[in-house]
Amino acid sequence: MSHVRIAPSILSADFGRLAEDIARVVEGGADLIHVDVMDGRYVPNLTFGAGAIAAARRACDLPLDVHLMVEEPERHLEPFAEAGASIFTFHPEATRHVQRHLAAARELGMRAGLALNPASPLALVEDVLDDLDLLLLMTVNPGYAGQRYIEGSSAKIRRARTLLERHGRAVWLEVDGGITADTIGTAFAAGADTFVAGSAVFGAPDPADAVRTLRRRCAVAV
C-alpha cells in the first residue's frame, strides 16, 4: 500500500494542542498534514493563514498539503512558501490566470495542485495537466468539516483517474470530504491515492490508530 497517502486535516485538530495532535498522526504513519485555508469569501468560513502553516511546519517534517479555498489565491503564493507549505492547491474558479499561478507555485519550490468542487467539471484541468502535481476532488461542498461523502463522487474519481492515465502524468489524485473508515475503500477503489480526513482522525479516541485504520481499509478494498 505504498501508493496510499493519508493526509489528516488540522481543521479538525485542537489548535491549542496542535503540536501534540500532529505528533499523534505522525506516530500513526500519516504521509502529509493537510491545512485548509478559508477566506470567508470563496467559502463562508474563515480559517488558517501563513501563521498556521508555520506552526504546523514547526511541529513536524511531513509535507504540508495546503488547500486554499480563497479568492485570488495568488496573493498567498510567496507567504505560504515562506511559511513552509509543500503543496499549494487552489480552485480554478477563484482566479483568472490558472496556469501562471501553477507555474509560480513550482518556481517557489512547492508542488502545484488544483481543486474541483463537486459540480466543477474535469474540463477545468484538462489544459493544464502538464503543470499539475496534484488534483484534489472535493467529495463534499467545501467550507465545513464533518460532512458526508456525496454519493456519485466515485464516478468522478474514476473519470479523473482515466484522464490522468490517458495523459500519462504521475499526478496525485486526492479526495477530501466525508472520508472515513466506511468511505475510504470506495474512493480508493475508484482510483484515488491520497486521502484527506479530519473528523475521522482527530475526532477519534486514538488519532494514530485512526490513520492506521484508514490505510488498512484501502488494503482490503483492493
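Positions are given from 1 along the sequence.
- Looking only at side-chain heavy atoms (C-beta outward), Glu93 and Leu124 come within less than 4.5 Å of each other.
- Separating the CH2 atom in Trp172 from the CZ atom in Arg111 is a distance of 4.5 Å, to the nearest 0.5 Å.
- Side chains of Val140 and Ser153 form no contact here, defined as non-hydrogen atoms less than 4.5 Å apart.
- Heavy atoms of other residues, nucleotides or ligands lying less than 6.0 angstrom from CG of Asp14 number more than 12.
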Item to check | Criterion salt bridge (Lys or Arg N to Asp or Glu O under 4.0 Å) on Asp31 and Arg215, from CA distance to verdict | outcome: CA-CA 11 Å; Asp31 302 281; Arg215 198 180 303 277; 2.8 Å; yes
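- Annotation: side chain of Ile179 is in contact with side chain of Tyr149 (closest heavy-atom distance under 4.5 Å).
- In this structure, Ile10 and Asp21 have side chains that are not in contact, with every pair of non-hydrogen atoms separated by 4.5 Å or more.
- Cys60 places a side-chain heavy atom less than 4.5 Å from the side chain of Ile33.
- Between Leu136 and Met138, some side-chain heavy-atom pair lies under the 4.5 Å cut-off.
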Checklist entry - When you look at Thr183 and Thr186, which way does the side chain to side chain contact (heavy atoms under 4.5 Å, CB included) test go after all the steps? => result CA-CA 5 Å; Thr183 61; Thr186 299; 5.5 Å; no
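- Across Leu163 and Val125, no two heavy atoms sit closer than the pair CD2-CG2, 4.1 Å.
- Counting non-hydrogen atoms of other residues, nucleotides and ligands closer than 6.0 Å to CD of Glu126 gives a total above 12.
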Next on the checklist: Between Thr162 and Arg159, is the side chain to side chain donor-acceptor pair (under 3.5 Å) condition met? List the steps.
Outcome noted: CA-CA 5 Å; Thr162 298; Arg159 294 197 305 273; over 6 Å; no
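- Heavy atoms only, all atoms of each residue included: Thr139 and Gly177 are closest at OG1-O, 2.6 Å.
- A salt bridge links Arg161 with Asp193; the closest basic N to acidic carboxylate O contact falls under 4.0 Å.
- By the rule that hydrophobic residues join a cluster once side-chain heavy atoms approach within less than 4.5 Å of another member, Ile150 and Leu135 end up as members of separate clusters.
- What you find for Asp131 and Ala112 is that their closest heavy atoms are O-CB, 3.7 Å.
- The environment of Asp130 atom CG is dense: over 12 non-hydrogen atoms of other residues, nucleotides or ligands sit within 6.0 angstrom.
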Checklist entry - Step by step, would you call Phe202 with Leu11 a side chain to side chain contact (heavy atoms under 4.5 Å, CB included)? => result CA-CA 9 Å; Phe202 290 112; Leu11 183 63; over 6 Å; no
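- Contact annotation: the side chain of Val211 approaches that of Pro8 to within less than 4.5 Å [non-hydrogen atoms, C-beta and beyond].
- Here the straight-line distance linking atom CZ of Arg75 with atom NE2 of His101 works out to 11.0 Å at 0.5 Å rounding.
- With Thr194 as reference, Arg5 is the one residue of Glu174, His34, Arg5 to meet the side chain to side chain donor-acceptor pair (under 3.5 Å) rule.
- Between Ala55 and Leu18, the shortest heavy-atom distance links the atoms CB-CD2, 4.0 Å.
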Checklist entry - Between Leu108 and Phe88, is a side chain to side chain contact (heavy atoms under 4.5 Å, CB included) present by the stated rule, with each step listed? => result CA-CA 10 Å; Leu108 289 166; Phe88 187 93; over 6 Å; no
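- Nearest heavy atoms, Gly84 versus Arg57: O-NH2, 3.2 Å.
- Crowding of Arg169 atom CZ: a count of heavy atoms from other residues, nucleotides or ligands under 6.0 Å exceeding 12.
- Side chain of Asn117 to main chain of Ala119: no donor-acceptor pair is present (N/O by atom type, distance under 3.5 Å, no hydrogens or angles).
- Proximity of His91 to His67: side-chain heavy atoms (C-beta onward) are separated by under 4.5 Å at one or more points.
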Checklist entry - Checking side chain to side chain contact (heavy atoms under 4.5 Å, CB included) for the pair Ser9/Asp36: CA distance, chi angles, key distance, verdict? => result CA-CA 7 Å; Ser9 171; Asp36 288 302; 2.9 Å; yes
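- Atom-to-atom distance recorded for Asp39:CG and Glu72:CD is 9.5 Å, nearest 0.5 angstrom.
- Atoms CG and CG, on Leu134 and Leu102 in that order, are 11.0 Å from each other to the nearest 0.5 Å.
- Heavy-atom minimum distance, Ala210 versus Ala200: CB-O, 3.5 Å.
- A distance of 9.0 Å separates CZ in Phe195 from CG in Leu214, rounded to the nearest 0.5 Å.
- Connection of Val98 to Tyr42 is established within a shared hydrophobic cluster, with ILVMFWY side chains joined at heavy-atom distances below 4.5 Å, either directly or through further cluster members.
- Val196 and Ile6 fall into different hydrophobic clusters, where Ile, Leu, Val, Met, Phe, Trp and Tyr are joined by side-chain heavy atoms under 4.5 Å apart, directly or via other members.
- Note: Arg58 CZ to Ile22 CD1 = 10.0 Å, rounded to the nearest 0.5 Å.
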